[in-house]
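Only one structure is covered here, and it is reproduced in the block below.
We count residues from 1, following the sequence as given. Each ligand, and each atom within it, is numbered from 1 in the order the structure gives. Every value quoted in this text rests on a predicted model; they were computed, and no experiment measured them.
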Amino acid sequence: MPTQEIISTEPATGAVLWRQKAGDADAEVAHARRSWAEWAARPHTYRIEALRRFANVVRQKADAFTDLLARETGKPIWEARSEVETVIGKVEISIAAYGQRTGQQRVDAPMNARLALRHKPHGVLAVLGPYNFPAHLPNGHIVPALLAGNAVVFKPSEKTPASGAFLVDCFHAAGVPEGCIRLLVGGPDEGKALAGHPDIDGLLFTGSANTGIALNRMFATRPEKILALEMGGNNPIVVWNTPDLYSAAVLVVQSAFTTAGQRCTAARRLIVDAKLYEPLMGELNKLIGRLIIGEPHADPAPFMGPVIDNDTADMLTESFLALSTMGGRPLRHMSRPIEGRPFLTPGVIDMTEARETPDVELFGPILQVFRAETYEAALAEANNTRYGLSASLVSQDPKLYDQFWATIRAGIVNWNRPTNGASSSAPFGGVGWSGNHRPSAYYAADYCAYPVVSSEAEQARASIGLGLRDA
Ligand code: NAD
Ligand code: SIN
C-alpha cells in the first residue's frame, strides 16, 4: 500500500513543518530516463559549470537552508550551518575527485596504437537518503553522479523530506535540467518501488544495515546494476595510556553524543584500561552534566538537540533498560527532560559484566562502557562487532597506535581524534555490515562511472606477420 502523504514534524516543537502527497517512482524514473542522454552528451565542463552554479545557489540560500535543516532534524543551528558548508564544499571536491579517479588517461600501447582509458556514466541512478544528514549525505552521492553524466532520482528520508526538496530546488535553480535530478517524496514503500524499478541503472544508498541488507538481497539477481551501500556502525573508542583524562573525556563525548548520537560514525562503545576507569568516568560524568541539551535555536547554543522523533526516543530508552536487564550497570540514566518531546539526556552503561552484549547499532546518545585488563583484550573487544565503520584510540603511545591501526577492522581508524567528523576529501566507508566495499565521499567518483578502455588507431593499417601461406 503506497504512502498517501508525507508529513514532516519539527522534533523540538512538534509543529508540522511540511507536507506533501507521496510521489510516483514510475513517473520520476521515466522523467529521468528521458533526460539523462542529453546531459551525458554535454561536455564535462558544462556539467562542472552547472554544479558550480548549484554551489552558488546554496551559498545564497545558506541561512534559509540552515534554518530548515535545524528545524527538521532538531540539530543545533551551528551544526546545521556546517552541514550547509559541506554541501557547498562537495562540488569542488567532486570535481577534483572526478579528475583524479575517473577522468581520462592515455596509456602506452605497442605498434603505434594508443590505449585510452575513459569513463562513462551508468545512466539513471537512484539515491536513498537518511535523516541524520538529510542534505550532506545524499548530496555526497548526487553531485558526483551528476558530474559524471548520470541522471538522479532522489528519495529523501520520510523524516526529513523538506530538506531533500530544498536541495533539489537548489539544483533546478542553478540550471541543472529538471529531468536530471528528480525528487521522489515517500517512505519505505516508495523506496522499494524505486530500488526495484527496472529502468534504474543503480542505487546509491545511505541508511541502516537492515535496509541495506534488504536492498542487497533485492539486487542479488541484478548484477548489471551498480549498488553502493553506506550503512551503520557499532564503533569503539579505546582509552589507554593517556595522561590527559579531561581531553580523553572530551573526545569520548564528541564521539558519542554529537548530533545526539545520530551519526553513523558515533562511538557506541568505550573500552578503557581498568586502571583508568574510575578517573575517566569521573571526568566523563562531570562533562556530560555540563552539556546543554535544547532546541536548535536556543541561546546559549545547545551541544545537542532532540533525537528525530518520539518513537525513536521511546526505542532508545527501552533499549537502555534492556541493556540493564542483560546485566549492564547504568552509570548515567537516560531521561526525557521535556515531556512529550524526543529530547534525551545521554545514557552511559557499564556492560563489562553483562551476560549479553548485543551487536546492534543504537542510533542515539547511548554509550556502553567496557573495562579491559590488557591492551590485547581491549583490541579484541573493539573488534567484537560485525560492523566496521570507525574506531579511535586515545593514547600518548605511538606503538599502541601502530598496533591499533594494524589490528582494527574498520574503514576509519583514528588516533587522539573523535570517531566521527569524517572529511569529504577522503574515502568514507567501512567493512563488515557497514557497507559493500564501495566507499563514498572522495571515492564516490568510482561508483558513479564505469571505465572504458579503447585501443585506437587513426587508420586501419594491419598485417599478419606469421602463420600465413604465400598468396
Ligand atoms: P533507514 O535505513 O531507515 O532509511 C534510509 C532510507 O531508506 C530512507 O530514505 C528510507 O525511506 C529508505 N528505506 C527504508 N526502508 C526501505 C526499504 N525496505 N526499501 C527501500 N528503501 C527503504 O535509515 P535512517 O534511519 O534514515 O538513517 C539512519 C541510519 O543511517 C543509521 O543506521 C546510520 O548509521 C546510517 N547512516 C550511514 C551513513 C554512512 O555513510 N555509512 C551515514 C549516515 C547514516
Ligand atoms: C555520518 O555520516 O553520520 C557522520 C559522518 C561523520 O561525522 O563522520
Side-chain angles (χ1 to χ4, degrees), residues 3 6 22-23 25 73 75 79 82-83 86 126-141 153-161 163-164 183-197 200 203-219 227-235 254-256 258-268 307-309 311-312 315 360-364 387-392 410-412 414 417-424 426-436 438-441 443-444:
T3 322
I6 296 293
T73 60
K75 64 179 67 173
E79 211 191 322
S82 96
E83 181 165 359
T86 312
V127 170
L128 294 176
Y131 65 77
N132 65 325
F133 278 102
H136 156 49
L137 289 170
N139 192 59
H141 296 302
V153 180
F154 163 41
K155 194 201 79 61
S157 163
E158 61 281 14
K159 297 177 181 175
T160 51
S163 303
L183 175 74
L184 174 63
V185 171
D189 286 331
E190 286 69 27
K192 274 185 225 162
L194 178 60
H197 202 288
I200 61 163
L203 171 66
L204 315 180
F205 168 80
T206 305
S208 63
N210 280 348
T211 308
I213 289 166
L215 294 168
N216 202 36
R217 215 172 280 131
M218 195 181 225
F219 276 68
L227 175 66
L229 301 173
E230 315 301 331
M231 306 189 284
N234 187 10
N235 311 304
Q254 287 173 333
S255 298
T258 304
T259 326
Q262 298 169 111
R263 289 208 186 193
C264 55
T265 46
R268 308 290 173 206
V307 295
I308 193 70
D309 56 26
D311 286 349
T312 304
M315 179 277 289
V360 293
E361 180 193 48
L362 295 174
F363 202 61
Y387 293 89
L389 189 53
S390 68
S392 192
I412 298 164
N414 292 344
R417 301 282 300 149
T419 52
N420 51 14
S423 161
S424 302
F428 180 69
V431 294
W433 274 23
S434 296
N436 66 340
R438 296 204 185 273
S440 192
Y443 281 13

Donor-acceptor side-chain pairing of Thr259 and Glu79 below 3.5 angstrom:
yes

Could you check whether any side-chain heavy atom of Glu158 comes within less than 4.5 Å of a side-chain heavy atom of Pro188, counting everything from C-beta outward?
yes

At a heavy-atom distance under 4.0 Å, which protein residues reach ligand 2? Sort them by chain and number, would you?
Asn132, Phe133, Leu137, Arg263, Cys264, Thr265, Asn420, Gly421, Ala422

Salt-bridged, Glu83 to Lys75, with N to O below 4.0 Å?
yes

Atom pair CG/CD of Asn420 and Gln254 - distance to nearest 0.5 Å
7.5 Å

Heavy-atom check, side chain of Glu361 versus side chain of Met231, under 4.5 Å:
no

Using atom types as modelled and distance alone, determine if a side-chain donor or acceptor of Glu230 lies under 3.5 Å from a backbone N or O of Gly435.
no

Going through the checks in order, is the side-chain contact (heavy atoms from CB on, under 4.5 Å) test met by Thr206 and Leu128?
CA-CA 6 Å; Thr206 305; Leu128 294 176; over 6 Å; no

Would you say Phe428 and Thr265 make side-chain contact, with heavy atoms under 4.5 Å?
yes

Output block, N or O contacts of ligand 1, threshold 3.5 Å exclusive:
from: ligand 1; atom 1: 2 (O); to: Ser208; atom 2: N; distance (Å): 2.9
from: ligand 1; atom 1: 2 (O); to: Ser208; atom 2: OG; distance (Å): 2.7
from: ligand 1; atom 1: 2 (O); to: Thr211; atom 2: OG1; distance (Å): 2.8
from: ligand 1; atom 1: 9 (O); to: Gly129; atom 2: O; distance (Å): 2.8
from: ligand 1; atom 1: 9 (O); to: Lys155; atom 2: NZ; distance (Å): 3.0
from: ligand 1; atom 1: 11 (O); to: Lys155; atom 2: NZ; distance (Å): 2.8
from: ligand 1; atom 1: 11 (O); to: Glu158; atom 2: OE1; distance (Å): 2.6
from: ligand 1; atom 1: 23 (O); to: Ser208; atom 2: N; distance (Å): 3.4
from: ligand 1; atom 1: 26 (O); to: Tyr131; atom 2: N; distance (Å): 3.4
from: ligand 1; atom 1: 30 (O); to: Gly207; atom 2: O; distance (Å): 3.3
from: ligand 1; atom 1: 32 (O); to: Glu361; atom 2: OE1; distance (Å): 2.5
from: ligand 1; atom 1: 34 (O); to: Glu361; atom 2: OE1; distance (Å): 3.4
from: ligand 1; atom 1: 34 (O); to: Glu361; atom 2: OE2; distance (Å): 2.6
from: ligand 1; atom 1: 41 (N); to: Met231; atom 2: N; distance (Å): 3.4
from: ligand 1; atom 1: 41 (N); to: Met231; atom 2: O; distance (Å): 2.6

No-hydrogen, no-angle side-chain donor-acceptor test under 3.5 Å, Ser208 and Thr211
yes

